[in-house]
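The structure under discussion is supplied below as structure tokens; questions concerning it will follow.
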Number of protein chains: 2
Amino acid sequence: MDLYAQLLRLGPLSKATYGALVRISEERVLAKQAFWSEPGAPVTHFAIVLEGLVRHFYVDAKGRESVKAFRARGEFSAPYAELIQRKPSRTFIQALEPTRLLTFDVVKFEALAEDSLELQRLARRFVELHFVAKEQREYEFLQLTAEQRYRQFCAERPEHLSHIPQHQVASYIGITPVALSRIRARVSGRRTPVG
Amino acid sequence: MDLYAQLLRLGPLSKATYGALVRISEERVLAKQAFWSEPGAPVTHFAIVLEGLVRHFYVDAKGRESVKAFRARGEFSAPYAELIQRKPSRTFIQALEPTRLLTFDVVKFEALAEDSLELQRLARRFVELHFVAKEQREYEFLQLTAEQRYRQFCAERPEHLSHIPQHQVASYIGITPVALSRIRARVSGRRTPVG
DNA sequence: CCGCCGCGTTATCCCGGGTTAAGAAACGCT
DNA sequence: AGCGTTTCTTAACCCGGGATAACGCGGCGG
């Protein structure tokens, strides 16, 4: 996982600034099932997944989970909306596999970025892409059926299908495990359907 | 509508830079029902609503509309995701009332912002808040019923209720006009319910 | 003044998905 | 290996909301 190359795709970044970033980073290891964010906790760090897989989810008053995202190697992991709002976390982040994170202290990062044109540009580009992803998700909820959302998920993240329990996939696409099971039965029953 | 004060809420902004922004802006008037973005068109401008009301929506292959947002005085209006991706618009933006926009040429804005720390910071903060709003919407689709989403809409944007045709509200919360009508009948039938 | 059209409501019918429950298969732990 | 737990499936039942259609109302243009 070449972090430098990855950041460069967002915009120009000098080796010096990159070095400063690396210096404020810390590796953190999560056992399978371990949490690194829980509701109520202040958001002090964000992270890049170096290895493994995490899920981001809410739990409502009645104890129902809603999975917001799965994040694997090279992807961003944090209670991002809360970080932006400087509010305590409202989301759980849990490792689905043994995971290594590269974490960054938010305060240190902002101190670095404060007067850095290239880091502000990078950070801006970074949120922009996350905004686009959220809008894509809005689109899927507005215009696709549960079955279409499932097929989309399978198409886009095939590598996850084998690592994520099905009820969590169901939660991600906004239905119950039972409903997903029915959809799967339906889909596999149809031999090479039109879609 | 004090644009300067509004921008200041996002972060520091010198009068000089603000002046430069104003110089690249252009007012644009939309008649009721007029469009200022349509699918296929390149995204050359973004805008702030000075007066009036617009709606942002997609239309799918079968001609079904999905309303993404309503934007009134002081709010941002543009096919933002497409602008970020530098792709042609996929969304319609239509005036629901006679509307005045303050438009900004994207290329001119980026030229101004390119080397401006304060504009990069502002732009970053700006997307961040839009990201938070999208995540809120994701939350509503994941965890609220249609009725709860309707009540939420009523609570948050009461001023819009009288100006927006009901079928567009229905589309915004992700249901059909008929379903919204039923929900309204249900809701008004219950005298001061639990809440 | 009349006819049209867009909008909201209501009714009917149907389907997708929620809920609950029970059973089967896979996994982990001791 | 034995046991419990988690995961997935299937079935029965219910309900919210989609599709369609009929009706009423209000606005608007002729």
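Below, chains carry the letters A, B, ... as their sequence lines are ordered, and counting in each starts from 1.
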In this structure, how many angstroms lie between the P atom of C:dC15 and the CD atom of A:E147, rounded? 15 Å
For a quick check, tell me whether the side chain of A:R186 and the base of C:dG16 share a donor-acceptor pair closer than 3.5 Å. no
Out of D:dA11, D:dC8, D:dG17, minimum distance to the side chain of A:V178 belongs to D:dA11
Residue pair B:S181/A:A146 against DNA chain C: nearer the 5' end by closest nucleotide is B:S181
Think A:T176 has a side-chain N or O under 4.0 angstrom from the OP1 or OP2 of C:dG18? yes
Expressed as a whole number of angstroms, how long is the span from B:Y150:OH to D:dG17:P? 13 Å
Using distance alone, with no hydrogens and no angle criterion, decide if B:T103 and B:E27 have a side-chain donor and acceptor under 3.5 Å apart. no
Whole-Å gap separating C1' (D:dC28) and NZ (B:K32): 12 Å
Are A:K68 and A:Y172 in a cation-pi contact, defined as NZ or CZ under 6.0 Å from the six-membered ring centre and within 45° of the axis? no
Could you state the atom-to-atom distance from CG of A:L180 to C1' of C:dG18 in whole Å? 14 Å
Which nucleotide wins on minimum distance to the side chain of B:I183, given the candidates D:dG17, D:dT10, D:dT7? D:dG17
Rounded to the nearest Å, what distance is computed from the CG atom of residue B:L96 to the P atom of nucleotide C:dG6? 16 Å
Figure out the CD/C1' separation between B:Q148 and D:dG16, and round it to whole Å. 13 Å
Would you say the side-chain atoms of A:S89 and A:S37 include a donor-acceptor pair closer than 3.5 Å? yes
Checking side-chain polar atoms at under 3.5 Å, does A:Q152 have a donor or acceptor matched by the opposite partner on A:E156? yes
Interatomic distance where CD1 belongs to B:I175 and C1' belongs to D:dC15 [whole Å]: 15 Å
Taking the side chain of B:P165 as heavy atoms from C-beta outward, which of C:dG8, C:dG18, D:dG17 is closest to it? C:dG8
Mind checking A:R182 for me? I need base, sugar-phosphate or nothing, with any heavy atom below 4.0 Å counting as a touch. base
Rounded to whole Å, how long is the line connecting atom NE2 of A:H163 with atom P of D:dT7? 16 Å
Within less than 4.0 Å of OP1 or OP2 of D:dC8, is there a side-chain N or O belonging to A:H167? yes
Applying the side-chain hydrogen bond (donor to acceptor under 3.5 Å, both in side chains) criterion to A:Q136, which one of A:E138, A:E140, A:K134 satisfies it? A:E140
B:Q166 vs C:dT9: side-chain N/O to OP1/OP2 distance below 4.0 Å: yes
